[in-house]
Structures are given as C-alpha cells and as structure tokens.
S.K.: 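After the structure tokens below, expect a handful of questions from me.
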Amino acid sequence: MHTLSGELSHGTVACADGVGMPAADLLLEVDFKWLMAGQGCWVDPDRLRNDPLYAAHCLGTALCSPCDALRGCARFLQTALGLK
C-alpha cells in the first residue's frame, strides 16, 4: 500500500491511501468493517464507498446494533460518507 502525506496549514499531517482517501476516514472504515464483522455482517469496502444504497443499508444495520462502539462508528462514518 502506498501512503501519501502532506502538511496542512496548521502544522498537522494528513495522509491518504492510494485512492486519495484521508487516513482518518480509512481508519474509520476499517473500524466499521471489523465491528460489523463482530456482529456477523460482512462489509464490502469498495461497495460501501461507491453504492449509496448499500452504504445506507450497512449503516442502518449498524445503527440498530446493540454494540455501542458500532453505533458510534456508524454515526461518524455516515457523516464522513456524506449520508447524513
């Protein structure tokens, strides 16, 4: 995996994966994927980013989960994906 990074105006560093995804969003997506797997739900990361209906379904499932960490992660991911 190739990682790109650059310094922002306020001195912090932002990184991205090979497709231009900010590192924070990538980590959020990975957390979401593994938390969903813990609930027995498998998530396709490419489809999650590119299919709004699939993403809405996954996030809806997560938001109804009894797992607090998954619900919180889903809320942040929902905002990051622009679905809120």
S.K.: If you count the non-hydrogen atoms of other residues, nucleotides and ligands that lie under 6.0 Å from OH in Tyr54, is the total more than 12?
M.R.: yes
S.K.: Output the distance between atom CG (Leu59) and atom NE2 (His57), rounded to the nearest 0.5 Å.
M.R.: 10.5 Å
S.K.: How far does CG of Leu48 sit from SG of Cys58, to the nearest 0.5 angstrom?
M.R.: 5.5 Å
S.K.: Where do Leu83 and Ala56 come nearest, in terms of heavy atoms and distance?
M.R.: CD1-N, 4.4 Å
S.K.: Evaluate the side-chain proximity of Leu63 to Gln78: yes if any heavy-atom separation is below 4.5 Å, no if none is.
M.R.: yes
S.K.: Do Arg71 side-chain atoms and Pro66 backbone N/O form a donor-acceptor pair below 3.5 Å?
M.R.: yes
S.K.: Identify each donor-acceptor pair in which a side-chain atom of residues 30-46 lies under 3.5 Å from a protein atom, sequence neighbours left out, and give them as a table.
M.R.:
residue : atom : partner : partner atom : Å
Asp44   : OD1  : Asp46   : N            : 3.1
Asp44   : OD1  : Arg47   : N            : 3.3
Asp46   : OD1  : Arg49   : NH2          : 2.7

